[in-house]
Amino acid sequence: MSATRPSYLSPGAPLPYCEGCGHPWVLRALDDALLALDTDPADVAIVTDIGCVGLAGELLHGLHTVHTLHGRSPALATGLALADGALGPGRLKPVVLIGDGGAMVGIAHLVHAALLNADITVLVHNNGLFGISGGQAASLAADEAFNLSAVAGHFTPPADLVRLLAAARAGFLARSYADDPELAATIQAAIIHPGFAMVEILEYCPERSLRQEEIRDRRLEDTVTARGLRVQPQRLERAPFVQTYRERHGILRREPARRPPLAPRYEANLDRPVAIVLAGTAGEHVQSAARDLCAAAVAAGLDCTQKNDHPVTMRSGYSFSEVILSPFEISFTGVEHPDAIIVTSSDGLAEVQRRQLLSRLAPAGVVIADDSLALDGARRLPLREIAGAPCAALAGVVAWVAQTEIFNVDALLEAVRARDAGCDIAALTAAFASVRAAAAAASHP
Amino acid sequence: MIDVELLDGGPAAPRYDLVSGNRMVAEGALRAGCRFFAGYPIAPALEIFRAMGEELPLGGGLAVSAPDDITALQYAIGASMAGYKAMSATSGPGWSLMVESVQYALMTETPLVVAVVQRLGPATGGATHGAQGDVRLVESCTSGGYTVPVFAPSTAAEAYELTIEAFNWAERLRMPVVLLSDKEVGTTTERVDRAALAGAEPVTRQAPFAPVGGPARVALTGSAHDRAGRLMKPAGEALELLRELEAKVVARAPAMARFEYRPISNAEVVVMSYGVTARAMKEACRHFHETGRLAVSCLKLQTLFPVPDRIIRHAAATARRVLVAEENLTGQYAAVVESVLGRPVERLARLGSLITPQEIIAAVERGGPV
């Protein structure tokens with residue numbers, strides 16, 4: 001190499017790799033590719049993995065270099081590319097230098113980067129083994145020819161990284177070998193490719209895979225050709241991530257539904273915290289009813305906390321909410337002794353019983369249950385019939401408000417309207433009046 | 001729009017939203033200038049991911065879904081190196097996978113925020129069951145025992161404020177910072193007046209931070225290195241840098257200490273807690289203040305690490321007894337307090353459900369075995 005030839009590699013300095021190793025060939029090809037691209041060095045980030053390949057960052061001068069954890073280089077490079085593409089000028093070209101061991105560690109990163117079509121170029125230096133650590137067999141050996149002397153044996157067939165990533169719809173894929181005269185051109189094409197590009201580069205590890213005399217006798221090209229391992233660049237036309245993101249951005253860029261803030265404007269008749277438990281069936285808007293109760297309480301100047309629970313399946317089994325209302329700031333949010341239990345279905349009742357809540361009911365606490373449930377001591381009302389299953393919990397809340405008169409029912413109905421709950425307000429109002437009348441009659445016999 | 005209340009000369013009437021701690025973590029992150037979120041879904045941190053997915057694109061930011069927790073944090077690290085404030089959110093199982101990457105961010109001095117919303121462990125544990133069992137897991141995640149800053153909110157409003165704090169310290173210190181929430185604080189909905197939130201002014205990212213892709217050439221490595229970022233056998237300058245990684249945190253510990261402390265004269269007992277259990281502690285303290293049964297002071301710690309040792313020593317100085325209440329099996333933070341005070345403290349530590357105010361009251365009155 002002439003001292004005057006422009007290069008990102010140190011002019012004249014030997015590369016610190018074993019004789020016969022493929023890594024220097026790849027570095028020189030990468031150097032040639034970058035020079036041919038005539039790119040601004042600030043727009044290139046060399047992202048190196050662990051292993052002998054990790055030394056490369058220090059051998060390439062004037063470029064950004066990031067030396068990563070083992071196998072993580074494709075993911076870190078993807079983070080660089082996604083951020084620069086979506087948030088920045090979109091000029092950054094991360095080039096990942098990784099071995100076959102690291103590629104298998106980070107196989108999920110590679111697959112996802114390919115799926116995203118993140119604009120990164122990955123050069124997989126595949127010598128079929130872990131060179132720096134003693135020649136243990138790696139999983140991505142293209143052919144058993146590359147790891148004849150694997151430590152502890154070699155028991156798996158070669159895995160084909162090109163086909164693996166083709167299945168992940170990678171945009172640019174090629175398999176070459178270290179001293180391939182076309183390698184620089186292939187790397188150049190990979191870097192230019194707008195999206196994910198992977199070039200697998202087959203090498204021998206002179207230290208671990210074969211004895212020196214065997215390497216002298218076996219040209220890499222002959223092995224690659226004889227075994228049909230070469231893959232000419234294959235492209236899949238896909239929009240790069242940034243383009244997809246910008247297109248979908250329009251769809252994503254939609255204001256989420258926001259509820260207007262609540263300004264206290266109702267009176268509340270409450271001098272201590274009360275806890276209300278709502279229990280019913282998943283999908284029947286139990287937690288939404290609890291939310292309405294909370295919104296009404298806040299509109300009435302109370303503090304409120306709400307905790308929800310449901311089985312992992314979410315849409316089957318019980319649905320459960322714990323609500324605390326208080327005239328002063330609520331600190332502790334647990335419910336030991338509920339002041340009210342509202343149960344709308346057998347799923348809800350089973351959960352209330354599992355938690356042994358009935359026996360923990362506060363003194364003077366009330367239980368409001370749908371009349372389909374056999375529950376001694378409960379105020380049984382046709383909640384499901386009054387309002388329909390999706391509004392039964394709300395009907396229970398209405399009944400509780402009617403019975404306790406903690407705040408005006410209008411605060412609750414306003415919250416229901418704001419949610420656009422689709423509940424029959426007239427039916428709820430009628431239920432309120434009926435419970436109210438019964439409560440009045442009970443207090444004035 | 002003209003605010004009628006302000007024209008009237010009176011204070012604006014409060015306007016409340018019903019929001020969760022998780023939601024307020026996301027809002028704090030946005031306020032702090034977070035531009036990039038990479039997530040992998042995990043209960044009970046899900047709403048942070050959802051909120052960032054909804055809100056970030058509105059402000060031109062990017063929220064991306066990763067195929068696993070490790071990839072998520074690596075994406076965030078890459079984005080941060082490229083110059084953008086970045087975060088992820090997870091719970092114990094996801095954090096366990098992220099530990100390698102957290103150490104990498106620490107070693108490469110990359111600003112990063114991870115919200116860890118604790119659930120019951122170990123392993124998969126209870127996905128929707130609360131606990132405060134990840135305190136040591138989060139703090140002791142580095143080989144070498146480096147201090148990873150940890151802030152712990154106990155309310156939705158604090159989740160907002162401490163998330164901004166986490167971002168600011170991540171920027172100042174150039175390192176990963178953890179916002180350690182829990183299932184109860186994260187998913188319980190409560191009343192918040194957004195106008196009354198008190199968040200610090202965001203620290204902007206600026207020179208001398210040099211992004212990868214910027215005009216100044218950047219060299220970063222997770223291996224031992226010199227000041228130029230060159231790989232180096234761990235000696236001399238490389239060792240000096242390792243010491244600086246810790247020293248930069250320790251030196252700022254007093255400024256990082258956030259807590260709530262109302263001193264009681266001649267306090268016989270001081271109760272210390274954090275996160276959701278600090279809410280029960282607050283009620284227990286109110287009980288003692290109102291009944292006057294016992295002189296009890298309470299210290300709520302919002303900064304867990306670096307250990308706010310000055311306030312811990314100060315609060316314990318005159319008290320005969322110190323009780324640390326937390327929802328884990330062994331009293332993970334009690335051990336920290338003991339090491340600060342150099343004497344045994346009483347522990348109210350158990351798991352399975354919220355520690356109640358009554359339990360704390362009983363523990364204070366009983367005077368447990370140390």
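Side chains included, hydrogens not; waters and symmetry mates left out as well; all remaining heavy atoms used. Below, read A as the first sequence line, B as the second, and so on, with proteins coming before strands; counting in each chain starts at 1.
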Is any side-chain heavy atom of [X] less than 4.5 Å from a side-chain heavy atom of [Y]?
X         : Y         : result
Met81(B)  : Leu76(A)  : yes
Leu262(A) : Leu18(B)  : yes
Glu100(B) : Arg72(A)  : yes
Val66(A)  : Thr108(B) : no
His67(A)  : Ser223(B) : yes

Inset, instruction - Without swapping roles, check the side chain of Arg217(B) against the backbone of Leu63(A) for a donor-acceptor pair under 3.5 Å. - result: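 Indeed, once roles are kept as given, a pair shorter than 3.5 Å links the two residues.
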
Legend entry - Gap separating the NE2 atom of His112(A) from the OG1 atom of Thr71(B), nearest 0.5 angstrom: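 Rounded to the nearest 0.5 Å, the NE2-OG1 separation comes out at 7.5 Å.
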
Legend entry - Any residue of residues 88-98 of chain A which, by heavy atoms, sits under 4.5 Å from chain B: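 Contacts with chain B: Gly88(A), Pro89(A), Leu92(A).
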
Inset, instruction - Could you check which of Ala299(A), Ala83(A), Ala290(A) has the highest count of heavy-atom pairs closer than 4.5 Å to chain B? - result: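 So the answer, after comparing Ala299(A), Ala83(A), Ala290(A), is Ala83(A).
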
Inset, instruction - Please test Leu354(B) against Lys307(A) for side chain to side chain contact (heavy atoms under 4.5 Å, CB included), starting from the C-alpha separation and ending with a verdict. - result: CA-CA 13 Å; Leu354(B) 289 174; Lys307(A) 292 207 288 185; 3.3 Å; yes

Inset, instruction - Compare every heavy atom of Arg15(B) with every heavy atom of Ala263(A), then report the nearest pair and how far apart it is. - result: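 Result for this residue pair: CB-CG, 4.2 Å.
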
Side chains of residues 327-334 of chain A: which donor-acceptor pairs under 3.5 Å do they make with residues two or more places apart or in other chains?
residue   : atom : partner   : partner atom : Å
Glu329(A) : OE2  : Lys282(B) : NZ           : 3.0
Ser331(A) : OG   : Arg279(B) : O            : 2.8

Legend entry - Under the ring pair (Phe, Tyr, Trp, His ring centres under 6.0 Å) test, residues paired with Phe49(B) that sit two or more places apart: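 If we apply the ring pair (Phe, Tyr, Trp, His ring centres under 6.0 Å) test to Phe49(B), skipping adjacent residues, the hits are Phe37(B).
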
Legend entry - Test ring pair (Phe, Tyr, Trp, His ring centres under 6.0 Å) applied to Phe36(B) - qualifying residues, sequence neighbours left out: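 Residues passing ring pair (Phe, Tyr, Trp, His ring centres under 6.0 Å) with Phe36(B): none at all.
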
